[in-house]
Amino acid sequence: MSIDYSIPVLVVDDYQTMVRILRNLLKQVGFKDIDDASDGTAALAKLRERKYGLVISDWNMEPMTGYELLQHVRADEQLRDLPFIMVTAEAKTENVVAAKKAGVNNYIVKPFNAQTLQSKIAAVLGAQ
């Protein structure tokens with residue numbers, strides 16, 4: 001099974017440099033339809049307006065964190081099955097465990113490269 005690179009991807013991060021890095025890495029991997037939001041609140045609004053195939057979200061954001069966004073997504077009947085990858089600079093075990101319990105599909109610790117991102121996406125989308 002191969003990755004469907006035509007799916008819309010939502011990148012969520014309050015740090016615009018990281019959004020730009022993720023956009024570039026996603027383009028390198030082959031995705032073309034990439035949207036972004038600056039925090040969980042803005043992301044949730046976008047997720048309710050448009051159908052995305054994947055969310056890649058930072059953990060640390062204000063006012064709604066990536067973890068809170070994940071909880072909202074999993075509690076929403078329309079969004080609960082949406083593939084969700086968490087990105088963070090912190091590799092704290094308790095954060096990884098909390099995210100797994102909340103239903104995250106995969107977890108990426110910064111810094112990472114296009115190959116790592118592609119591997120994590122392939123694992124989430126069942127294309128390994």
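For this chain, numbers begin at 1 and follow the sequence in order.
Around the CD atom of Glu94, the shell of radius 6.0 Å holds more than 12 heavy atoms that belong to other residues, nucleotides or ligands.
The distance from the CG atom of Asp39 to the CG atom of Asp14 is 7.5 Å, given to the nearest 0.5 Å. How far CG of Asn24 is from CG of Leu117: 11.5 Å, rounded to the nearest 0.5 Å. To the nearest 0.5 Å, atoms OH (Tyr15) and CG (Leu22) are separated by 12.5 Å. Interatomic distance, OH of Tyr5 versus CD of Gln118, reported as 4.0 Å (0.5 Å rounding).
Side chains of Ile121 and Val9 form no contact here, defined as non-hydrogen atoms less than 4.5 Å apart. A heavy-atom distance below 4.5 Å is not found between the side chains of Asn105 and Leu54. Proximity of Val87 to Asp13: side-chain heavy atoms (C-beta onward) are nowhere separated by under 4.5 Å. Counting heavy atoms from C-beta on, the side chains of Asp35 and Pro8 never come closer than 4.5 Å.
When all heavy atoms of Pro63 and Thr41 are compared, the closest pair comes out as CG-OG1, 3.8 Å. Contact record, Val124 with Pro83: CG1-CB, 3.4 Å, taken as the closest heavy-atom pair. The shortest heavy-atom contact between Gly66 and Ser57 is CA-OG, 3.5 Å. Taking all atoms of both residues into account, the shortest heavy-atom contact from Phe112 to Ile108 is CD2-CG2, 3.3 Å.
Just one residue in the list Arg50, Arg23, Lys27 forms a salt bridge (charged side-chain N to carboxylate O under 4.0 Å, His left out) with Asp33, and that residue is Arg50.
In terms of modelled atom types and a separation under 3.5 Å, the side chain of Lys46 and the main chain of Asp36 share a donor-acceptor contact.
Residue Leu44 shares its hydrophobic cluster (ILVMFWY side chains chained together at separations under 4.5 Å) with Leu10, Val12, Leu47, Tyr52, Val55, Trp59, Met61, Met64, Tyr67, Leu69, Leu70, Val73, Leu79, Leu82, Phe84, Met86, Val96, Val104, Tyr107, Val109.
A salt bridge is defined here as a Lys NZ or Arg NE, NH1 or NH2 lying under 4.0 Å from an Asp or Glu carboxylate O, and Asp58 with Lys110 meets this definition.
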